Chemist: 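My questions all concern the structure below.
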Amino acid sequence: MANNGRRSVKAKKGPTIGTGGHGRKALEGKGPTPKAEDRPYHKAHKNKQLAERSAAKRPGAARGAGARSGPKGRATEEVVTGRNSVVEALRAGIPAKALHVAIRIEMDDRVKESLKLAAERGIPLLETGKPELDRMTDDAIHQGLVLQIPPYEYQDAYELAEETVESWKKGHVANAPLFVALDGITDPRNLGAIIRSVSAFSGHGVIVPERRSVGVTASAWKTSAGAAVRVPVARAANLNNTLKAFKNMGIYVLGLDGDGDVSLPDLSLAKEPVCIVVGSEGKGLSRLVRENCDQIISIPIDSAMESLNASMAVGISLYEVSRQRATK
């Protein structure tokens, strides 16, 4: 066949000029196959997202009471959920903002009593749809009843102590100032029981640190049996600095510990202004708090018993202080 006078040129083997090795890159692929949970349209990915959302919810989103968080993670309000919990909270006289009742709720004795108690105390009754109740409680089991608790208004620890000392010096307060400070207590039932003991033995307040400490929750209110209305709970930004300030005001700081250097019956400072500091049942007093105490007091107990519950130790100590103050 004629080629019109043109010569055929044989193609050169290998990549041509300017390819930049594109062929090799194409052979490399896109890396390993992503896990099923990392593929946006896979069922495992949706399950992972649901699990993360559930984990992000507040702990204790089951039955009972729980706090809702506001800006910077600070508790803004608390809700008590479930028929048993709500009726018990109302019986205990816990302050309440409103009682939310599900639309077309199935009546039983607990619901009837809750409505009656709320009406007697003037607590607003709000008929609320189930979706809203679910949102308020973070999908907790509410059984159609949700009690809103207003946030507790804490006093400042320094101001409370200063006012109490001044009132005592002016004769407006009969007994010398008596406070209880908590170091590492996280159980609200312990706080409630301590508030109750402070009220029973004419104490002037309970001091709780702002961080890593229990606050006045619905559970603490209930355990205090209404004493939280009479006994102020004050917050300390830094417990050690607060204890130092107390000492400068003339308040003796007494730590409770099983290895104390003074036995409770031998306490000689009971009639003076005092602040009793109690630590957690497991760890006891922290090192710095211990160093800031004027005395470490121990309660004589049977050697077979390792330690006392924090609220029980406070109750025994307050009784001894009250007993000594009653003697002339």
Side-chain angles (χ1 to χ4, degrees), residues 53-70 73-154 182 185-197 199 206 208 213-231 233 309-311:
R53 284 168 58 190
S54 297
K57 288 180 181 179
R58 60 174 175 78
R63 196 185 301 266
R68 298 178 63 191
S69 295
R74 300 191 71 174
T76 55
E77 64 179 21
E78 192 177 0
V79 292
V80 178
T81 64
R83 300 187 179 191
N84 286 333
S85 298
V86 168
V87 73
E88 288 174 8
L90 289 168
R91 286 171 184 167
I94 294 175
K97 186 178 176 182
L99 176 61
H100 293 262
V101 185
I103 298 171
R104 294 187 295 276
I105 189 172
E106 185 178 337
M107 286 289 189
D108 65 9
D109 291 340
R110 295 167 297 177
V111 175
K112 291 177 182 176
E113 185 178 355
S114 296
L115 296 175
K116 179 176 178 289
L117 290 171
E120 288 174 352
R121 291 176 50 189
I123 299 170
L125 298 173
L126 304 177
E127 196 172 34
T128 309
K130 185 179 181 300
E132 177 62 15
L133 293 179
D134 292 341
R135 186 197 65 78
M136 288 176 58
T137 61
D138 289 339
D139 296 319
I141 303 172
H142 51 71
Q143 299 174 307
L145 276 187
V146 176
L147 187 67
Q148 266 186 297
I149 309 298
Y152 184 83
E153 295 183 5
Y154 296 92
L182 277 53
I185 303 293
T186 57
D187 188 343
R189 291 169 297 182
N190 264 333
L191 173 59
I194 287 170
I195 293 172
R196 191 172 181 177
S197 294
S199 174
V206 177
V208 296
S213 176
V214 67
V216 182
T217 65
S219 179
W221 268 107
K222 191 167 73 172
T223 311
S224 77
V229 176
R230 301 183 295 274
V231 176
V233 178
N309 172 274
S311 60

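Because the structure is a prediction, the values reported are computed rather than measured. Any value given below was found using the heavy atoms of this structure, including those in side chains, with hydrogens, waters and symmetry copies removed.
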Chemist: First locate atom OG of S219, then atom CG of D187, and finally report the distance between them rounded to the nearest 0.5 Å.
Modeler: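 That separation rounds to 7.0 Å.
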
Chemist: Can you spot which of T223, V214, T217, I194 makes a side chain to side chain contact (heavy atoms under 4.5 Å, CB included) with R189?
Modeler: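 Of all the options given, the one that passes is T223.
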
Chemist: Closest heavy-atom contact between A218 and I94?
Modeler: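 Answer, listing the atom of A218 first, then I94: O-CD1, 3.4 Å.
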
Chemist: Taking only residues two or more places apart in sequence, or in another chain, which ones meet E120 in a side-chain contact (heavy atoms from CB on, under 4.5 Å)?
Modeler: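 Listed in chain order: K116, L117.
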
Chemist: Who passes side-chain contact (heavy atoms from CB on, under 4.5 Å) against T128, sequence neighbours left out?
Modeler: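 Counting only residues at least two positions away or on another chain, T128 forms a side-chain contact (heavy atoms from CB on, under 4.5 Å) with H100, L126, E132, L133.
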
Chemist: How many angstroms lie between CD1 in I103 and CD1 in I105, if you round to the nearest 0.5 Å?
Modeler: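 One finds 11.0 Å between CD1 of I103 and CD1 of I105.
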
Chemist: What distance separates I185 CD1 from L191 CG, expressed to the nearest 0.5 Å?
Modeler: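 Reported to 0.5 Å precision, the distance equals 9.0 Å.
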
Chemist: Rounded to the nearest 0.5 Å, what separates atom CE in M136 from atom CG in D138?
Modeler: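 Spacing of CE (M136) from CG (D138) equals 10.5 Å.
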
Chemist: Could I get the full list of side-chain contact (heavy atoms from CB on, under 4.5 Å) partners for N309, not counting sequence neighbours?
Modeler: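 Result, side-chain contact (heavy atoms from CB on, under 4.5 Å) vs N309: N190, E281, S311, M312.
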
Chemist: Tell me, please, which residues at least two apart from E127 pass side-chain hydrogen bond (donor to acceptor under 3.5 Å, both in side chains).
Modeler: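 If we apply the side-chain hydrogen bond (donor to acceptor under 3.5 Å, both in side chains) test to E127, skipping adjacent residues, there are no hits.
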
Chemist: I'd like to check the side-chain contact (heavy atoms from CB on, under 4.5 Å) partners of S197; sequence neighbours left out, ordered by chain and number.
Modeler: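 Only L318 meet the side-chain contact (heavy atoms from CB on, under 4.5 Å) criterion with S197.
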
Chemist: For S199, which residues count as a side-chain hydrogen bond (donor to acceptor under 3.5 Å, both in side chains) partner, sequence neighbours excluded?
Modeler: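 Expected list: R230.
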
Chemist: Among V86, L90, V87, N84, exactly one meets side chain to side chain contact (heavy atoms under 4.5 Å, CB included) together with L145. Which residue is that?
Modeler: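 Per the side chain to side chain contact (heavy atoms under 4.5 Å, CB included) rule, the option paired with L145 is V86, out of V86, L90, V87, N84.
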
Chemist: My understanding is that only residues two or more places apart in sequence, or in another chain, count here; which of them pass side-chain hydrogen bond (donor to acceptor under 3.5 Å, both in side chains) with R91?
Modeler: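 side-chain hydrogen bond (donor to acceptor under 3.5 Å, both in side chains) check on R91 returns E113.
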
Chemist: Output all residues satisfying salt bridge (charged side-chain N to carboxylate O under 4.0 Å, His left out) with D108, sequence neighbours left out; order by chain, then residue number.
Modeler: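 By the salt bridge (charged side-chain N to carboxylate O under 4.0 Å, His left out) rule, D108 matches R83, R110.
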
Chemist: Would you name the heavy atoms of P95 and P150 that are closest together and state the gap between them?
Modeler: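 Heavy-atom minimum between the residues: O-CD, 3.5 Å.
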
Chemist: Which residues pass the side-chain hydrogen bond (donor to acceptor under 3.5 Å, both in side chains) test with K112, not counting sequence neighbours?
Modeler: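 Partners of K112 under the side-chain hydrogen bond (donor to acceptor under 3.5 Å, both in side chains) test: none.
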
Chemist: Between I123 and A96, which heavy-atom pair has the shortest distance, and what is it?
Modeler: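 Closest pair (atom of I123, atom of A96, distance): CD1-CB, 3.6 Å.
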
Chemist: L147 and A89: which non-hydrogen atoms are nearest, and at how many Å?
Modeler: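 So the two residues come closest at CD2-CB, 4.0 Å.
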
Chemist: Determine whether a donor-acceptor pair (N or O, by modelled atom type, separation under 3.5 Å) exists between the side chain of Y152 and the backbone of W221.
Modeler: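 Answer holds: no.
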
Chemist: Do H142 and V79 touch side chain to side chain, with heavy atoms closer than 4.5 Å?
Modeler: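 The answer is no, as the side chains (C-beta and beyond) never meet within the 4.5 Å cut-off.
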
